Amino acid sequence: MRSLISLISSSVSSGHHFFSRLRTRRSSTLAQHALFSRRAVAMDASEEILRKALAEKQSVVEAQGNALRAMKSTGAAKPEIDAAIEALNGLKLEKASIERQLQAALSGSEGSLNREAFRQAVVNTLERRLFYIPSFKIYRGVAGLYDYGPPGCAVKSNVLAFWRQHFVLEENMLEVDCPCVTPEIVLKASGHVDKFTDLMVKDEKTGTCYRADHLLKDFCNEKLQKDLSISPEKAAELKRVLAVLDDLSAEELGAKIKEYGIIAPDTKNPLSDPYPFNLMFQTSIGPSGLSPGYMRPETAQGIFVNFKDLYYYNGNKLPFAAAQIGQAFRNEISPRQGLLRVREFTLAEIEHFVDPENKAHPKFSDVANLEFLMFPREEQMSGHAAKRIPLGEAVSRGTVNNETLGYFIGRVYLFLTRLGIDKNRLRFRQHLANEMAHYAADCWDAEIECSYGWIECVGIADRSAYDLRAHSEKSGVPLVAQEKFPEPREVEKLFINPVKKELGLAFKGNQRMVVEALEAMNEKEALGMKDTLESKGEMEFYVCTLEKNVTIKKNMVTISREIKKEHQRVFTPSVIEPSFGIGRIIFCLFEHSFYMRPSKAGDEQLNVFRFTPLVAPIKCTVFPLVQNQQYEEVAKVISQSLTTAGISHKIDITGTSIGKRYARTDELGVPFAITVDSTSSVTIRERDSKDQIRVNVERAASVVKEVTDGRTTWAVVWSTFPHHSSGSADE
Ligand code: AMP
């Protein structure tokens, strides 16, 4: 049984995802700690009992040891001493037994050994068959950079083709393709220049860099899993630290690192204090060096800056969605976990622009009946596990903020499961309140469980109007939509007018941040402020971007409600953003598709990827059963038909034993194999069942095409054609 904490802390997020796209580390408030501590102390009951029992047994052993030493020093009789030694040995045996139970509870619940062995088997196969290759390998590689080899490229392109079909085509999205090199001003407006940081520590002697939160996390996990002597109180404390890890400020992280005596793992040298490191790769555009730029850390900004033109292209109508597939670059401090945390990766992002006053979705009913694992905020806080919830219910109860967000959650579920992700190892986890940016309405991550734990693979966020507003302000170009009224309407409007002169005098360089925060108040906050300023003359006001409270006085802002006649409504659209880490999805797909089965002789374990025909890198192989001119001719004819039908395939006339050929192609996840054993008919073998049917030579290519295109299934084909049972082949 896994404790809640291990459920939560084992999930790998993109890191920078906290507080939505930007990692703005806020110092953790007491309230947040209190919030977290409830779930943090929820330690697995059996673990807690065993830790207590172990601590008690340890003190009994120590007491018995002391008693024995006292007997010896006072010259007690030998039989008495022997009895005491026997008692001590008995106690030590009991202690060892509790230790074993605790060890089993810790590693057994995580299954960590099995997971590692499984991952190793998958990764070995992937690297050996060139699904991916560490980049620049002959120069000893570079951490966090990987190449896709031939089958990896094919899988990736199949995943992306399906993504385009499932999202872009289905929703009539407007696809764009923007440059990776981005001028500084764009990323300044989005906040990345100032806030896209992780906290880093350096080995004080060698300068090697580490992510501060990773070191603390490793320390806590290591202690919890390997140090059986820690008290239940200490274990609870370490779990609490794990739970608030993403909340800790630089100072708090530094203090914990010092308190626990954490040193550089490679050299054992002391570490520097943590400090923020911006993850963007900086460059300059053009030869002068005067125009700074960055490699984009995400593709979304390219869409936001094109909003005005895209809106026009769409006939000035909302809602609409734009999409982009492209490379993103993040200079991760210490990339690990293979394809999961890399420095350059493919993102596929959708920005669905919608009227903030109407987030209904016309096609929501298509997904409302889906039921899958959801992990709402309340379940996480109260220590429950994720549970299956019908999507329609999650939206109607308000667990998911709105229909459009719910619609995309449903579509993401369908996308991932149709690719071949195991639905039992896929959950949608809602962000906790403190994980979300202040402007975000709601965020859910599609997390997939793999050997590294639960991995955030798709983030689905309602980011309200934040991004378009930020670019409107910086560029001076209004990124807005209009709704024309059939009749002019009288509307009561709330006006928040910060008095810039007074604010400038009071806050100097921070004036802009205070103005922005005042303008960003919602109606309830603004009216609350109006009341307080009228009654008390001043009030404390939290400015997120400054990470502190400031005092707002009555003369610094006017807040009023006025009636106006309007012919149209001009507003900044909200954006709902599903953001897909393609590499992470593919890695999880590899793990979910991999299995081993014994060879016919039972002397070997053979690797198989059970890829769906949709993602399989090669759909079919063609082999002559034996080396024979006529069979080879037939194989070539079938190969030609497959090419004409657009089916990726491999023809093998090398004469290698058929069993070996099957084993090789099973390892690449090829779903079908055509074996030519006569000039009139051939057999088609399905990879997982190893079942074979017999079809006429002329029909062979079209049968494979129909199944791989999804127009029919193997089950239908199996019930239509004569079966072939083979005593030879691999069976
Ligand atoms: P974010 O913008 O941080 O929410 O990231 C969007 C998606 O990109 C995440 O859901 C991940 O799937 C993926 N991602 C983020 N960082 C990395 C990374 N360093 N390596 C691979 N994928 C990543």
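Both backbone and side-chain heavy atoms feed into the values below; hydrogens, waters and symmetry mates do not. Indexing begins at 1, ligand by ligand and atom by atom, following the structure's order. Keep in mind it's a predicted model, so treat the numbers as computed, not measured.
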Check: [X] N/O within less than 3.5 Å of ligand 1 N/O:
{"X": "Glu349", "result": "no"}
{"X": "Leu339", "result": "no"}
{"X": "Cys457", "result": "yes"}

**Report entry** Donor on one side chain, acceptor on other, Glu591 and Ser451, under 3.5 Å
**Finding:**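 The answer is yes; a qualifying pair exists.
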
Report the part of [X] in contact with ligand 1, treating N, CA, C, O as backbone and CB onward as side chain, heavy atoms under 4.0 Å; options are side chain, backbone, both, neither.
{"X": "Arg343", "answer": "neither"}
{"X": "Arg584", "answer": "side chain"}
{"X": "Arg330", "answer": "side chain"}

Requested in this report: Taking the six-membered ring of Phe372 (Phe, Tyr or Trp), confirm whether the NZ or CZ of Arg388 is under 6.0 Å from its centre and within 45° of its axis.
Outcome: no

**Report entry** Rounded distance [0.5 Å steps], NZ in Lys195 versus OG1 in Thr197
**Finding:** 9.5 Å

Query raised in the report: Roughly how far apart are Cys153 SG and Asn158 CG, rounded to 0.5 Å?
Result: 11.0 Å

Requested in this report: Can you figure out which of Ile455, Leu340, Val458 has its heavy atom closest to atom 21 (C) of ligand 1?
Outcome: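 Result: the heavy atom closest to atom 21 (C) of ligand 1 is in Leu340.
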
Report task. Pick, from Phe329, Phe196, Phe345, the option with the minimum heavy-atom distance to atom 23 (C) of ligand 1. Result ->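 It is Phe345 whose heavy atom sits nearest to atom 23 (C) of ligand 1.
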
Report task. Return yes when Gly583 approaches ligand 1 closer than 4.0 angstrom through a heavy atom, no otherwise. Result -> no

Query raised in the report: If you count the non-hydrogen atoms of other residues, nucleotides and ligands that lie under 6.0 Å from CZ in Arg140, is the total more than 12?
Result: no

Query - Arg377 side chain to His431 backbone, donor-acceptor under 3.5 Å - result: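 Yes: the side chain of Arg377 pairs with the backbone of His431.
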
Query raised in the report: How far apart are the closest heavy atoms of Thr612 and Gly420, and which atoms are they?
Result: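 Residues Thr612 and Gly420, closest heavy atoms: CG2-CA, 4.3 Å.
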
